[in-house]
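Only one structure is covered here, and it is reproduced in the block below.
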Amino acid sequence: MSARGGPLRYPAWQIERREMRVPSQAPFRQDHLFLLNNGNTYDALACLFGIRNYFGFSPLAEGRGFPSDASEALRTEYAAYGGLPDVHGTTWITWSELAAADWQGTDSSGTRRRDSVAGDETHWGPVRSVMRTLSERHGADRS
């Protein structure tokens, strides 16, 4: 997809909605959503992205790398962190993938369910809420 109005991607360290403009409002900037990511809960990062997956989850979006259609602003910020050699776990996910996931699925021990580590009632709830709202407005594969 193009950088203009392309998908909302969630690399493990960033959220971005590129160049979305709402009539008579300023552009929606990725750093507004960055505030929703409030930490590195490794069971959630393992479940979603396969990062430090000592739990044995089947990750939803592991190892996709940096999105090829990312905005220039996100490319610049990513480069400031060192880019691929230095940024561990770079990947992204769409709302349609999150919505279709088996949220009752567990880690390899059967003790942690996907919804208990990255569902609506976890610290990932606000991220999911924003992605859900954007998908309702712009489409599930664009969020």
Do [X] and [Y] touch side chain to side chain, with heavy atoms closer than 4.5 Å?
X: Phe49; Y: Pro59; value: no
X: Thr111; Y: Phe55; value: no
X: Leu98; Y: Leu60; value: yes
X: Phe66; Y: Leu74; value: yes

(message) Going by salt bridge (charged side-chain N to carboxylate O under 4.0 Å, His left out), name the residues that satisfy it together with Arg128, two or more places apart in sequence or in a different chain.
(response)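 Scan of Arg128 (salt bridge (charged side-chain N to carboxylate O under 4.0 Å, His left out), adjacent residues dropped) gives Asp120.
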(message) Filter on side chain to side chain donor-acceptor pair (under 3.5 Å), then keep only pairs touching residues 46-58, sequence neighbours left out; what's left?
(response)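 Side chain to side chain donor-acceptor pair (under 3.5 Å) check on residues 46-58 returns Tyr42-Arg52.
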When you measure from the side chain of [X] to the backbone N and O of [Y], does any donor-acceptor pair fall under 3.5 Å?
X: Arg114; Y: Cys47; answer: yes
X: Arg75; Y: Ser68; answer: yes
X: Thr133; Y: Ser129; answer: yes
X: Thr91; Y: Gly65; answer: no
X: Thr41; Y: Asp43; answer: no

(request) Could you pull out the closest heavy-atom pair between Val117 and Trp124, with the gap in Å? (result)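 Reported closest heavy-atom pair: O-CD1, 4.0 Å.
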(request) Measure across Ala44 and Ala118 and return the closest heavy-atom pair with its distance rounded to 0.1 Å. (result)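 So the minimum-distance heavy-atom pair works out to CB-CB, 4.1 Å.
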(request) Please collect all salt bridge (Lys or Arg N to Asp or Glu O under 4.0 Å) contacts where either partner lies in residues 100-110, sequence neighbours excluded, each pair once. (result)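 Checked against salt bridge (Lys or Arg N to Asp or Glu O under 4.0 Å) - neighbours excluded - the pairs reaching residues 100-110 are Asp107-Arg112.
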(message) I'd like to check the side-chain contact (heavy atoms from CB on, under 4.5 Å) partners of Asp115; sequence neighbours left out, ordered by chain and number.
(response)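 So Asp115 forms a side-chain contact (heavy atoms from CB on, under 4.5 Å) with Trp103, Gln104, Arg113.
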(request) Under the side-chain contact (heavy atoms from CB on, under 4.5 Å) rule, collect the residues that match up with Thr76, sequence neighbours excluded. (result)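 Scan of Thr76 (side-chain contact (heavy atoms from CB on, under 4.5 Å), adjacent residues dropped) gives Glu72.
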(message) So, taking the atom named CD in Glu62 and the one named CZ in Phe57, what distance separates them when rounded to the nearest 0.5 Å?
(response)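 So the gap between those two atoms works out to 13.0 Å.
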(message) Can you tell me how far apart CH2 (Trp95) and CD1 (Ile93) are? Round to the nearest 0.5 Å.
(response)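 Those atoms lie 9.5 Å apart.
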(request) State which residues pass side-chain hydrogen bond (donor to acceptor under 3.5 Å, both in side chains) with Glu97; sequence neighbours excluded, sorted by chain then number. (result)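 With sequence neighbours excluded, Glu97 shows a side-chain hydrogen bond (donor to acceptor under 3.5 Å, both in side chains) to Arg64, Thr94, given in chain and number order.
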